[in-house]
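Keep in mind that what you see is a predicted model, and the values were worked out from it rather than measured.
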Amino acid sequence: MNIFEIFQNHVAEAVSALGRDGVLPDTLDTKRIIVEPPRDPFHGDLATNAAMVLAKDAQIPPRSFAEKLIPRLLLIDGVLAADIAGPGFINIKLDPKIFHSVLHAVHQQGNDFGRSTSGKARNVNVEFVSANPTGPMHVGHGRGAVFGDALASLLIFAGYNVTREYYINDAGAQVDSLGRSAFLRYREALGEEIGAIPEGLYPGDYLVPVGKALADHYGSSLRDQSEAEWLPIIRQAAIDAMMEMIREDLAVLDIRHDVFFSERSLSQGGNRDEIGALITDMTARDLVYQGRLPPPKGAPVEDWEDREQTLFRASAYGDDVDRPLLKSDGSYTYFAADIAYHRSKYLRGFATMIDVWGADHGGYIKRMTSAVKAVTDGMGELDVKICQLVRLLRNGEQVKMSKRSGDFVTLREVVDEVGRDAVRFMMLYRKNDATLDFDLAKVIDQSKDNPVFYVQYAHARCASVLRQGHAAQSAFDLAVDAGALSKLTDASELAVIHRIAQFPRIVEAAASAHEPHRIAFYLHDLASDFHSLWNRGKDNPDLRFVIENDRNLTIARLALVDAVRRVLASGLSVLGVSAPNEMR
RNA sequence: GACUCCAUAGCUCAGCUGGAUAGAGCAGCCGCCUUCUAAGCGGCAGGUCGGAGGUUCGAAUCCUCCUGGAGUCGCCA
């Protein structure tokens, strides 16, 4: 139940009715009407810009428009008053019964309150993590992982049909290096002295067990083969081991992908060369031509050679320059594979694609969105979400890189230290495109300075109050009707209900903007409202939740507490953070 | 050189896709806190929304230019 949406429809209907009556033109575009909470609650419960956005088309001043509209608004059930404010805002005062009915809806819908159908079951592909299978995940990967996972959950909650996907970069030079690194470890496992790992290969200890497993399985049979023979075998074994490790890292954060898509499968996996087919298709549609590029700007590229190459007309679709699809040795560029990959998403039924990338890929957005536009005839839409860097701190001091597994702090180390909930919540308590300071000491601090604790504690406190309530009263049913809820009249109680009423529109806005952090901030606000309400009981015992001699009031208040608890739980569940019943 | 992102209170950041007197948390100051779970609650103070133009009824939000910071640029992945 989204009261803002409901009243938006009411207001639109009122405008249409005036159109039919000839009071206003009947051609007004009521879709532009917005009903939202006023900035200042003193103004009322709802505010609408209807008069201002439609005045011009109606060819009358906004305030005159409002004067015509208001009598009509007053006919709407639940509207107590409607006033013109400022340049032509209409502030609406609602009967508290509307808000009581919101509470009632929470109890009826339970954890589904806030769930929306605004996504209209449209297919969305969320591709995230896609870390190269060359080692364990680090903290930066973790941010993209949590962001993508929470965004996917949010979209599901908002009524989209979501697939979580991981693109395995298992076809480039990096995985060849991985294979060679694993080969060294294999020889090491056979008892050879391998010395230092050469520059350009992966030195991390995590390849030691891979080498050992290879030695166990193949004995020394691979050692004397040529690289052309052993590389495919060892490379694949190493990739599989790395992917297994990455899956485990993700599982620690409770993240699971529906699809793992192999880059290699596009050109070498089956009986069909997807990338070649793509280039043929693009050539037929004149998206590709043979031409020359100007030398790259900025840092000079030493081995730059001016030559004719196979180029995609990216600049015709919004990119800065055209982009090569073939390397000089005739093999496909990464970009060519990526276009084929995104086309495959489209062909699999995803007109809406979301990619979650790290900050270092920002320069890649234009060419990819332009490519998606080109190969889908403008039918496919790609939104790239960039997750900025994470600065790992401990009490304000930058954390030194660990040498244990290469040259970075692994995600696993961080989760082991502070826990899944802290990692997930803090990764989401910031806009994705802003850099994030993650302080290992602060996120486990049990104080209000720590938003994770603050929100979880609000949930635990709700649960505690409900336990107390059940102890003080005999068994009761919280799903009381809206009439019984009319006992809730205090301004601080109504303020909490107002906040609850906003949850559905926050969900929809966050989902359509692809911004899960809005849920995290909302939960913090709701927690704050609740802590505040709880404390009112200190100064004024009449405002406590459990009132000894007033069973009905107690039940109404516990219904409010339970609604807060449910919305907190449901929001936390979208973020993938647990909602504890006690904090001990 | 070009492009992307960022610039909002002393600090860290929100700002609901263009709305009213720009908000929160820290830090500072003042008060309260033997409670339904203590780890908090209330209040005060704090701002030329980096700067200058523009678009319009209306701009922190959209456009242009400038300044400052981060990142990217390739036949790398």
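- Side-chain atoms of A/Asn91 come within donor-acceptor range of the base of B/A20, with a qualifying N/O pair under 3.5 Å.
- Rounded to the nearest Å, the gap between the P atom of B/A2 and that of B/G58 is 34 Å.
- Atom-to-atom, CG of A/Leu293 to P of B/G1 comes out at 22 Å; the value is rounded to the nearest Å.
- Using a 4.0 Å heavy-atom criterion, one finds that A/Pro324 contacts the sugar-phosphate atoms exclusively.
- Atom CG of A/Asp360 and atom P of B/G74 are 13 Å apart (whole Å).
- Using C1' as the reference atom, B/A38 and B/C29 are 25 Å apart when rounded to the nearest Å.
- Using a 4.0 Å heavy-atom criterion, one finds that A/Tyr454 contacts the sugar-phosphate atoms exclusively.
- For the pair A/Val129 and A/Met137, the minimum side-chain heavy-atom distance is below 4.5 Å.
- Remark: C1' of B/G25 and CG of A/Asp529 are 14 Å apart, rounded to the nearest angstrom.
- No hydrogens or angles considered: nothing links the side chains of A/His517 and A/Asn432 as a donor-acceptor pair under 3.5 Å.
- Once rounded to the nearest 0.5 Å, the distance linking CD1 of A/Ile506 with CZ of A/Arg499 reads 8.0 Å.
- For B/U21, the base adopts the anti conformation, since its glycosidic angle falls more than 90 degrees from zero.
- Side-chain N/O atoms of A/Ser532 and base N/O atoms of B/C41 include no donor-acceptor pair closer than 3.5 Å.
- Base pairing analysis places B/C36 opposite nothing; no Watson-Crick or G-U wobble pair with both distances below 3.5 Å involves it.
- Within the structure, a side-chain polar atom (N or O) of A/Arg367 is placed less than 4.0 Å from OP1 or OP2 of B/G74.
- A/Asp338 has its side chain within reach of A/Tyr167: a pair of non-hydrogen atoms, C-beta onward, lies under 4.5 Å apart.
- Here A/Ser512 lies in heavy-atom contact (under 4.0 Å) with a base.
- Only the P atoms considered, B/C41 is 12 Å distant from B/A27, to the nearest whole Å.
- In a base pair of the Watson-Crick type (N1 to N3 plus N6-O4 or O6-N4) or a G-U wobble (N1-O2 and O6-N3), with each distance short of 3.5 Å, B/A59 is matched with no nucleotide.
- Phosphate proximity of B/C16 to A/Arg518: absent, as no side-chain N or O sits under 4.0 Å from OP1 or OP2.
- Residue A/Lys431 places at least one side-chain N or O under 4.0 Å from the OP1 or OP2 atom of B/G15.
- Searching all strands for a Watson-Crick or G-U wobble partner of B/C44 with both distances below 3.5 Å returns B/G28.
- A gap of 37 Å separates the P atoms of B/C44 and B/C57, to the nearest Å.
- Between the side chains of A/Gln174 and A/Thr134, not a single donor N or O lies within less than 3.5 Å of an accepting N or O.
- Residue A/Phe521 and nucleotide B/A14 are not classified as a stacked aromatic pair, given the requirement of ring centres less than 5.5 Å apart at an interplanar angle below 30°.
- Rounded to a whole Å, the CZ atom of A/Arg499 is 12 Å from the C1' atom of B/A14.
- With a 3.5 Å ceiling on both atom-pair distances, B/A14 lacks any Watson-Crick or G-U wobble partner.
- With hydrogens and angles left out, the side-chain atoms of A/Glu274 and A/Ser267 include no donor and acceptor closer than 3.5 Å.
- Among the heavy atoms of the strands lying under 4.0 Å from A/Asn581 is at least one base atom, whether or not backbone atoms are also near.
- Put simply, A/Lys327 has a side-chain N or O that comes within less than 4.0 Å of OP1 or OP2 on B/A77.
- A/Leu428 places its CG atom 15 Å from the C1' atom of B/A14, with the value rounded to the nearest Å.
- Closest to the A/Tyr364 side chain, of the nucleotides B/C36, B/U12, B/A77, is B/A77.
- With a cut-off of 3.5 Å on both pairing distances, the Watson-Crick or G-U wobble partner of B/C65 is B/G51.
- Residue A/Arg461 has no polar side-chain atom (N or O) positioned under 4.0 Å from OP1 or OP2 of B/G40.
- Stacking between A/His524 and B/A24 is absent: the ring centroid is not both under 5.5 Å from the six-membered base ring centre and under 30° in plane angle.
- Separating the CG atom of A/Leu54 from the C1' atom of B/C57 is a distance of 14 Å, rounded to the nearest angstrom.
- Atom P of nucleotide B/G19 and atom NZ of A/Lys56 are separated by 17 Å, given to the nearest angstrom.
- Residue A/Ala359 is classed as a sugar-phosphate contact, given heavy-atom separations below 4.0 Å to backbone atoms only.
- For the pair A/Met52 CE and B/G18 P, the computed distance is 14 Å after rounding to whole Å.
- Residue-level contact check: A/Tyr334 touches the bases, meaning some heavy atom is under 4.0 Å from a base atom.
- Using a 4.0 Å heavy-atom distance criterion, A/Ala513 is classed as a base contact.
- Contacts of A/Arg323 with the nucleic acid, taken as non-hydrogen atoms under 4.0 Å apart, involve only primed sugar atoms and P, OP1 or OP2.
- In this structure, A/Ala173 reaches the sugar-phosphate backbone alone: every heavy-atom distance under 4.0 Å involves primed, P, OP1 or OP2 atoms, never a base.
- Distances from the side chain of A/Asn132 to the nucleotides B/A77, B/G40, B/C36 place B/A77 closest.
- Side-chain contact between A/Asp45 and A/Phe7 is absent, with no heavy-atom pair separated by less than 4.5 Å.
- Rounded to the nearest Å, the gap between the C1' atom of B/A45 and that of B/G28 is 9 Å.
- In this structure, A/His361 reaches the bases: a heavy-atom distance under 4.0 Å links it to at least one base atom across the strands shown.
- Here B/A70 sits opposite B/U4 as a Watson-Crick or G-U wobble pair (both hydrogen-bonding atom distances under 3.5 Å).
- For B/C75, there is no paired base (Watson-Crick or G-U wobble, both distances below 3.5 Å).
- Taking atom C1' in both B/G46 and B/A39, the straight-line distance is 28 Å, to the nearest Å.
- At the heavy-atom level, A/Gly363 lies under 4.0 Å from the strands shown only through sugar-phosphate atoms.
- Looking at heavy-atom distances under 4.0 Å, A/Tyr429 makes no contact with the nucleic acid at all.
- In the interface, the side chain of A/Arg505 is paired with the base of B/C16 through a donor and an acceptor atom under 3.5 Å apart.
- Contact annotation: the side chain of A/Arg143 never approaches that of A/Val139 to less than 4.5 Å [non-hydrogen atoms, C-beta and beyond].
- To the nearest whole angstrom, the two P atoms, one in B/U34 and one in B/G40, are 16 Å apart.
- Taking 4.5 Å as the limit, every side-chain heavy atom of A/Val321 sits out of range of all side-chain heavy atoms of A/Ser315.
- Counting any heavy atom pair closer than 4.0 Å across all strands shown, A/Val53 reaches a base atom.
- Nearest nucleotide to the side chain of A/His531, out of B/A14, B/C36, B/C41: B/C41.
- Atom name P, nucleotides B/G69 and B/C32: the rounded distance is 48 Å, in whole Å.
- Pairing for B/A9 is absent, with no Watson-Crick or G-U wobble pair whose two atom distances lie under 3.5 Å.
- Around atom NZ of A/Lys385, more than 12 heavy atoms belonging to other residues, nucleotides or ligands sit under 6.0 Å away.
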